[in-house]
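The first residue of the sequence shown is numbered 1, and numbering continues consecutively from there. In what follows, every heavy atom counts, from backbone to side chain, and hydrogens, waters and symmetry copies are set aside.
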Amino acid sequence: MNSNVDLCPVCEKPLNPDDLCASDIEIGLCHASCLEGSPVVDLDTGNEIPDARMATFYHIEVTDPSPQTHVKGETRTRFHIEWIAGARPPVHPHPMTGRTTFETFDEAVAHMRNQAPDAKFVSLEERTTTTVSVDRSAEVRSALATEGNGNG
């Protein structure tokens, strides 16, 4: 195998340019999926940070950090809950529909438990969305330089 290829110390498979990676303080650069479930800790105290998400990046950002177009994706899961709240005359003479979103399933359940006894649970949806960000800064710099704008 080519000695210039970085290997993940967990799975021992190559780290390809478009692989999503994370860094572990003890073992170094790894596939993010290989560190899934590992605690995130405060580097000063060593204490675990509850509910923290590990920072991820694409391997190419480490191997070729020059300004260029990098695509970054973030997947996020939310829990959308809906319920019917009882009427509260005179301000709310009719039942009302309540809707809100939480970061975790447990938060959504706790919210429902805190509702008045006459509240009726309707639904809970787990919604996973992926946001893709494309850094096109280098393209803008190039276009500005071509126009002689001086802002590149």
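- Within the 4.5 Å cutoff, the side chain of Arg76 has heavy atoms near those of the Glu103 side chain.
- In this structure, CD1 in Ile81 is found 12.5 Å from CZ in Arg99, a value given to the nearest 0.5 Å.
- Judged purely by atom type and a 3.5 angstrom limit, Asp24 uses its side chain to pair as donor or acceptor with the backbone of Glu26.
- For the residue pair Arg88 and Ala116, the shortest heavy atom distance occurs at NH2-CB, 3.0 Å.
- In this structure, the separation between CG on Asp6 and SG on Cys21 is 8.5 Å, given to the nearest 0.5 Å.
- You'll find the side chain of Leu124 reaches within 4.5 Å of the side chain of Phe105, heavy atoms only.
- Grouping the Ile, Leu, Val, Met, Phe, Trp and Tyr side chains by contacts below 4.5 angstrom, directly or via other members, places Leu7 apart from Leu35.
- Between Thr97 and Glu82, some side-chain heavy-atom pair lies under the 4.5 Å cut-off.
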Verify side chain to side chain contact (heavy atoms under 4.5 Å, CB included) between Thr100 and Trp83, making sure each step is shown before the conclusion. CA-CA 9 Å; Thr100 193; Trp83 70 99; 3.8 Å; yes
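- Nearest approach of Cys34 to Cys8, heavy atoms of both residues: SG-SG, 3.8 Å.
- Rounding to the nearest 0.5 Å places CD of Glu125 at 6.0 Å from NE2 of His80.
- The nearest pair of heavy atoms linking Ala108 to Phe79 is CB-CB, 4.3 Å.
- Annotation for Asp51: atom CG does not count as buried by contact number, only 12 or fewer foreign heavy atoms lying within 6.0 Å.
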Determine whether Asp19 and Tyr58 satisfy the following criterion, side chain to side chain contact (heavy atoms under 4.5 Å, CB included), listing intermediate values before the conclusion. CA-CA 6 Å; Asp19 285 348; Tyr58 288 95; over 6 Å; no
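- A single hydrophobic cluster is seen to contain both Phe121 and Val109, as judged by linkage of ILVMFWY side chains at heavy-atom distances under 4.5 Å, directly or through other members.
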Checking Thr77 against Glu126 for the side chain to side chain contact (heavy atoms under 4.5 Å, CB included) test, could you report, in this order, the C-alpha distance in whole Å, the side-chain angles of both residues, the deciding distance, and whether it holds? CA-CA 7 Å; Thr77 300; Glu126 180 176 331; 3.5 Å; yes
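- His31 NE2 to Thr56 OG1: the interatomic distance, rounded to the nearest 0.5 Å, is 13.0 Å.
- The two residues Gly86 and Met96 make their nearest non-hydrogen contact at O-CE, 3.8 Å.
- Here His59 contributes atom NE2 and Asp18 contributes atom CG; the two are 11.0 Å apart, rounded to the nearest 0.5 Å.
- In this structure, CD1 on Ile84 lies 13.5 Å from NE2 on His94, to the nearest 0.5 angstrom.
- Glu107 and His111 share no side-chain donor-acceptor pair at under 3.5 Å.
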